[in-house]
Amino acid sequence: MKKEFLDLGRQPIANAFLNKEDFDDEFFFDLKACWDTDTSLVSIKNFVEPEEIFNENYPYNTSNSFPMINHFKQAAKMLTKKFQPKNVLEIGSNSGPFIENFNKGNSICVEPCGNFAKITEDMGYKTYSEFWTTELAKEIIDRDGYMDLIYSANCICHIHDLDDTFKAVRELLSPSGIFVFEDPSLLRILERGSYDQIYDEHPHIFSVTALDNLLRRNGLKIFNVDSLSVHGGSNRIYASHIDNGLVGDSVRQNINEEMVFGLDNFQTYEIFADRVKKSKDTLVRSLSNLRRNGKKIMSIGATAKSTTVFNYCGIGTDLIDVITDTTKDKQGMYSPGVHIPVVPRDSINLNDYDYAYLGAWNFKEVIADKEREFVQNGGKFITHVPEVMVFS
Ligand code: TYD
């Protein structure tokens with residue numbers, strides 16, 4: 001049974017940055033989150049059709065977040081050393097920062113966004129510009145054979161039908177093959193109060209507990225879990241066919257940690273929802289007070305997360321003048337729903353502002369390091385994770 005615990009209000013597509021002429025034609029939906037008492041899976045209540053989100057205009061380019069390029073390089077290096085896979089397939093390959101570390105002849109991309117599929121195709125990788133389904137897996141078996149490594153980062157939690165997703169992986173995985181995927185951790189989100197990781201593109205937020213249930217019912221099992229710092233805390237899950245090898249201690253440890261936190265108890269989710277409401281009140285009050293005192297506020301990182309925060313809290317250009325972002329496709333556009341202009345970082349002088357809200361709080365250290373001059377000149381950062389606070 002699905003039990004609703006969180007209401008984040010009317011929300012647009014979190015990554016649908018738009019032009020002025022499209023303001024009247026925006027898609028909105030009710031963003032609510034539920035907990036499934038049977039599998040322990042957390043999901044949003046109203047799924048948005050994937051075609052609304054993942055299309056030719058999808059702007060999230062992994063290669064624009066330079067810390068992530070290094071992250072994928074290291075992941076590829078580690079997986080090659082540990083498992084020496086011959087045939088590799090990536091689900092949701094984006095602009096290719098993971099797959100580019102593998103041999104072109106034996107590596108395959110699956111990427112429904114045509115703009116990114118073209119990039120990996122041009123790089124010389126065979127790319128299926130389609131959504132991940134069992135039909136596609138069967139087509140790939142016929143054309144390319146079975147895969148020794150199926151990898152996916154920040155993508156599996158985007159897919160509505162997880163049973164079909166995991167069945168498709170089981171079909172395509174060679175007998176001793178491994179399935180490695182990483183997505184934001186529910187436990188870290190609840191610990192940090194980072195409710196902004198719940199949005200249209202993340203219809204599911206994974207705990208190890210829920211994944212263990214879902215993978216097992218589809219013939220796969222988790223044999224190892226790595227805790228990662230990326231995206232505010234993620235889990236890298238290693239799975240194999242259900243009858244293969246041993247289950248490492250990390251699986252039990254992670255599930256125990258989740259039980260101790262209370263991920264199997266609805267009350268934990270109600271407490272979280274209460275914290276989210278308080279976070280909203282505090283953030284709006286703090287920004288409004290600063291504004292009333294004549295302070296200028298901007299935001300760094302036109303993230304899907306900041307779309308969620310700004311729409312949930314009703315923060316628009318009355319409180320935040322402008323958002324800077326390094327992604328070319330977002331620059332010159334307006335943020336979804338609340339329509340704050342997005343500009344390149346070097347088009348503004350940060351010293352003209354008193355406060356910078358961290359839309360990309362997950363890159364807090366990198367940004368604080370880049371913007372030392374802003375702080376030296378008296379500038380301050382604002383974040384809402386783990387609590388609303390000002391720091392410099
Ligand atoms: P990410 O946190 O992955 O966002 P999302 O919530 O959309 O998943 O993306 C970070 C965004 O912040 C991305 O659009 C690039 C931008 N960015 C900057 O503008 N400056 C920076 O220094 C960094 C590291 C990222």
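Whatever order the structure lists ligands and atoms in, that order sets their numbers, starting from 1. Hydrogens, waters and symmetry mates are skipped; everything else that's a heavy atom, side chains included, is used.
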Task: Backbone of Pro175 reached by a side-chain donor or acceptor of Asn244 within 3.5 Å - done: yes
- [ ] For atom CD of Glu51, decide whether the heavy atoms of other residues, nucleotides or ligands shown that lie under 6.0 angstrom number more than 12.
- [x] yes
- [ ] Keeping the roles fixed (side chain from Asp38, backbone from Asp36), state whether a donor-acceptor pair exists under 3.5 Å.
- [x] no
TODO: Pick whichever of Thr327, Thr307, Thr326, Asp196 has a heavy atom sitting closest to atom 25 (C) of ligand 1.
DONE: Thr326
- [ ] Tell me which part of Ala360 gets within contact of ligand 1: side chain, backbone, both or neither, using heavy atoms under 4.0 Å.
- [x] side chain
Task: Protein residue, atom and distance nearest to atom 23 (C) of ligand 1, heavy-atom basis - done: Phe363 CD1, 4.3 Å
Open item on the list: Whether the side chain of Tyr195 engages the backbone of Ile189 through a donor-acceptor N/O pair (distance < 3.5 Å, no angle test) should be reported.
Closed with: no
Open item on the list: Starting from atom 6 (O) of ligand 1, what is the nearest protein heavy atom, named by residue and atom, and what distance separates them?
Closed with: Lys305 NZ, 2.8 Å
Compile the donor-acceptor pairs under 3.5 Å between side chains in residues 90-97 and protein atoms, sequence neighbours left out, one pair per line.
unit_1	atom_1	unit_2	atom_2	d
Asn94	OD1	Thr62	N	2.9
Asn94	OD1	Thr62	OG1	3.0
Asn94	ND2	Tyr60	O	2.8
Ser95	OG	Asn61	OD1	2.8
Ser95	OG	Ser63	OG	2.6

- [ ] Kindly confirm or rule out an N or O of Ala304 lying under 3.5 angstrom from an N or O of ligand 1.
- [x] yes
Task: Verdict with reasoning, Phe310 to His339, per ring pair (Phe, Tyr, Trp, His ring centres under 6.0 Å) - done: CA-CA 10 Å; Phe310 294 160; His339 305 159; over 10 Å; no
Task: Lys330 touching ligand 1 at heavy-atom level, < 4.0 angstrom - done: yes
Open item on the list: Can you confirm if the NZ or CZ of Lys3 lies within 45° of the ring axis of Phe266 and under 6.0 Å from the centre of its six-membered ring?
Closed with: yes
Open item on the list: Once you restrict to heavy atoms under 4.0 Å, what part of Thr303 touches ligand 1? Side chain, backbone, both or neither.
Closed with: both
For residues 136-143, dump all side-chain donor-acceptor pairs below 3.5 Å to protein atoms at least two apart in sequence or in another chain.
unit_1	atom_1	unit_2	atom_2	d
Glu139	OE2	Arg143	NH2	3.4

Open item on the list: Measuring from atom 2 (O) of ligand 1, which candidate in Val342, Asn15, Asn362, Asp369 has the nearest non-hydrogen atom?
Closed with: Asn362
Task: Minimum-distance protein heavy atom relative to atom 3 (O) of ligand 1 - done: Tyr60 OH, 2.7 Å
Task: Interfacing atoms of ligand 1 (cut-off 4.0 Å, heavy-atom, His231) - done: 3 (O)
Task: Which segment of Asp325 sits under 4.0 Å of ligand 1 when only heavy atoms are counted - done: both
Task: Heavy-atom donor-acceptor pair, Asn254 side chain to Ser250 backbone, under 3.5 Å - done: yes
Task: Distance filter under 4.0 Å to Tyr199 heavy atoms, resulting ligand 1 atoms - done: 8 (O)
Task: ligand 1-proximal atoms of Lys370, by part, heavy-atom distance under 4.0 Å - done: side chain
